[in-house]
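Below is one structure, written out as structure tokens; comments come after it.
Note that this is a predicted model, so its numbers are computed, not measured. Labels below follow one simple rule: chain letters A, B, ... track the order of the sequence lines, proteins then strands, and each chain is numbered from 1.
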Number of protein chains: 2
Amino acid sequence: MRLHAPLDDRTAWSPVGHCPIEKAIAVVGSRPAMLIMREAHYGTRRFDDFVTRVGVAPATASTHLRALTDAGLLERQPYQDEGARTRDEYALSPAGADLMPVVIGLFSWGMKHTDGVDDLEFAHVGCAEPVDLRVACAAGHEVGEQDVEVRLRRGRPRRRVRA
Amino acid sequence: MRLHAPLDDRTAWSPVGHCPIEKAIAVVGSRPAMLIMREAHYGTRRFDDFVTRVGVAPATASTHLRALTDAGLLERQPYQDEGARTRDEYALSPAGADLMPVVIGLFSWGMKHTDGVDDLEFAHVGCAEPVDLRVACAAGHEVGEQDVEVRLRRGRPRRRVRA
DNA sequence: CAGGATCCCTAAGGATACTG
DNA sequence: CAGTATCCTTAGGGATCCTG
């Protein structure tokens with residue numbers, strides 16, 4: 001990976017404060033937040049399940065579930081078990097689902113580069129073949145670390161998403 | 001995303017403690033660590049550049065550069081400017097380069113779902129087309145959040161990487 | 001320039017207990 | 001079950017100063 005001119009002039013340009021990675025980290029950069037998102041991707045929706053399966057204190061779960069909901073990654077949805085009052089569960093929003101590549105990326109990296117007892121993998125439900133991430137350009141070329149550069153976006157500025 | 005049987009029995013199975021994502025987070029889960037890895041991908045190699053461009057205190061940079069080196073994501077390489085003594089710089093190791101999908105994933109998510117002034121994108125050096133992540137199976141099918149499941153790996157256990 | 005050592009300080013998270 | 005409230009503890013990180 002490299003930086004395209006004029007970004008490669010690092011005396012003039014620094015990502016500090018205006019980097020999308022920093023902003024993403026501000027939302028899902030903590031351990032509880034990321035693990036809650038993992039669980040949400042695994043289909044977990046209820047408070048107590050998050051507490052148990054993530055392994056955090058209720059207060060921590062509460063804080064982060066709220067923050068992730070406020071940030072738009074989770075959506076509160078009412079449900080009602082028979083004989084019980086209505087409660088809320090936390091479902092993945094579209095923005096939360098968009099985090100899937102990051103979840104898979106961390107998972108794959110951990111499987112490959114850390115030691116452990118895990119023998120897990122992702123699979124395509126349709127054809128049962130293993131699933132992996134690919135980094136590719138719009139022309140379809142698969143690219144490695146050496147073949148990518150960061151550049152200023154051309155043309156019209158991207159559409160702003162209203163909060 | 002879903003969990004394949006028997007993993008979907010969450011009373012019997014929990015990822016707590018043996019999840020590759022947890023282990024990945026233990027290494028790059030902090031803000032400074034992830035931003036240092038971002039910088040390493042951008043080509044930054046020298047201590048002071050990390051301090052400046054990540055925006056952390058020297059002590060913090062020192063701590064995390066050491067931890068990332070110990071974890072095998074960075075490699076210390078001696079260099080010598082003319083008239084100065086030899087010093088070390090920190091280069092991306094293969095394991096560090098393997099983190100590229102995560103870096104790109106966080107970047108893309110941040111660009112799409114957070115507000116900001118940034119107009120950056122990744123491009124393929126070869127053909128200048130924009131680069132993005134794709135989630136695909138071995139058969140080549142591109143898959144979305146609904147089409148992925150986590151299952152126990154079949155066949156021979158994966159090769160262990162010696163430390 | 002490339003760090004190590006110290007101090008300090010705050011925010012994050014665990015434990016526990018309680019409520020609707 | 002789904003939280004909230006309170007307390008407590010610690011690790012992370014900033015600031016500052018110092019060294020090779």
Side-chain angles (χ1 to χ4, degrees), chain A residues 10-11 14 16-17 22 25-40 43-71 74-91, chain B residues 10-11 14 16-17 19 21-22 25-40 43-71 74-91:
Chain A
R10 300 304 237 101
T11 63
S14 160
V16 174
E22 286 196 32
I25 287 177
V27 180
V28 292
S30 74
R31 177 188 146 91
M34 183 58 81
L35 295 184
I36 283 174
M37 291 311 296
R38 174 201 68 188
E39 276 308 316
T44 298
R45 300 182 155 225
R46 301 197 177 178
F47 186 88
D48 230 48
D49 289 332
F50 280 111
V51 170
T52 305
R53 324 228 259 229
V54 171
V56 292
T60 305
S62 179
T63 302
H64 287 278
L65 285 171
R66 174 181 302 278
L68 290 167
T69 303
D70 290 346
L74 299 176
E75 283 168 356
R76 220 163 268 159
Q77 290 177 354
Y79 75 97
Q80 184 161 24
D81 283 344
E82 55 178 51
R85 71 168 218 271
T86 72
R87 302 178 187 281
D88 283 330
E89 57 185 7
Y90 302 86
Chain B
R10 301 303 239 101
T11 63
S14 160
V16 174
C19 167
I21 297 181
E22 286 196 33
I25 287 176
V27 179
V28 292
S30 74
R31 177 187 145 92
M34 183 58 81
L35 294 184
I36 283 175
M37 291 312 295
R38 174 202 68 189
E39 276 307 316
T44 297
R45 300 182 154 224
R46 300 198 177 178
F47 186 88
D48 232 48
D49 288 334
F50 280 110
V51 170
T52 305
R53 323 227 259 229
V54 172
V56 292
T60 305
S62 179
T63 302
H64 287 278
L65 284 171
R66 175 181 300 278
L68 289 167
T69 302
D70 291 346
L74 299 176
E75 284 168 356
R76 218 161 279 174
Q77 290 176 354
Y79 74 96
Q80 184 162 23
D81 283 345
E82 53 178 52
R85 71 171 219 271
T86 72
R87 302 177 186 283
D88 284 331
E89 56 184 7
Y90 302 86

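In this structure, of dA5(C), dG20(C), dC1(C), it is dG20(C) that holds the atom nearest to the side chain of Arg87(A). Distance from the side chain of Pro58(A) is smallest to dT4(D) among dC1(D), dT4(D), dG4(C).
Going from atom CZ of Arg53(A) over to atom P of dC1(D) covers 11 Å, rounded to whole Å. When rounded to the nearest whole Å, the span between CG of Asp48(A) and C1' of dA2(D) equals 7 Å. Remark: C1' of dG3(C) and CD1 of Ile36(B) are 13 Å apart, rounded to the nearest angstrom. Distance CG (Leu65(A)) to P (dG13(C)): 13 Å, rounded to an integer number of Å. In this entry the distance linking CG of Asp49(A) with P of dC1(D) reads 8 Å, nearest Å. Distance CE (Met34(A)) to P (dA12(C)): 17 Å, rounded to an integer number of Å. Between Glu89(A) atom CD and dG3(D) atom C1' there is a gap of 15 Å when expressed in whole angstrom units. Between Gln77(B) atom CD and dA2(C) atom P there is a gap of 14 Å when expressed in whole angstrom units.
Nearest approach of Arg38(A) to Val54(A), heavy atoms of both residues: NH2-CA, 4.1 Å. The two atoms that bring Phe50(B) and Thr44(B) nearest to each other are CZ-O, 3.3 Å, heavy atoms only. Nearest heavy atom pair, residue Leu68(A) against residue Ala33(A), reads CD1-O, 3.9 Å. The two atoms that bring Tyr90(B) and Leu65(B) nearest to each other are CE1-CD1, 3.9 Å, heavy atoms only.
No engagement by Arg76(A) is indicated, since no non-hydrogen atom pair under 4.0 Å with the nucleic acid exists.
Heavy atoms from other residues, nucleotides or ligands lying under 6.0 Å from CZ of Arg66(A) number 12 at most.
With hydrogens and angles disregarded, no donor-acceptor distance shorter than 3.5 Å links the side chain of Ser62(A) to the backbone of Pro58(A).
Using a 4.0 Å cut-off between charged side-chain N and carboxylate O, Asp81(B) and Arg46(B) make a salt bridge.
Comparing Tyr90(B) and Ala33(A), the nucleotide of DNA chain C nearest to each residue sits closer to the 5' end for Tyr90(B).
Axis angle across the helix from dC1(C)-dG20(D) to dG20(C)-dC1(D), with five pairs used at each end and values rounded to 10°: 50°.
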Listed pairs, N/O of protein and of nucleotides 7-13 of chain D, under 3.5 Å:
| unit_1 | atom_1 | unit_2 | atom_2 | d |
| --- | --- | --- | --- | --- |
| dG13(D) | OP2 | His64(B) | NE2 | 2.8 |

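Under 4.0 angstrom from either OP1 or OP2 of dC1(C) there lies no side-chain N or O belonging to Tyr79(B).
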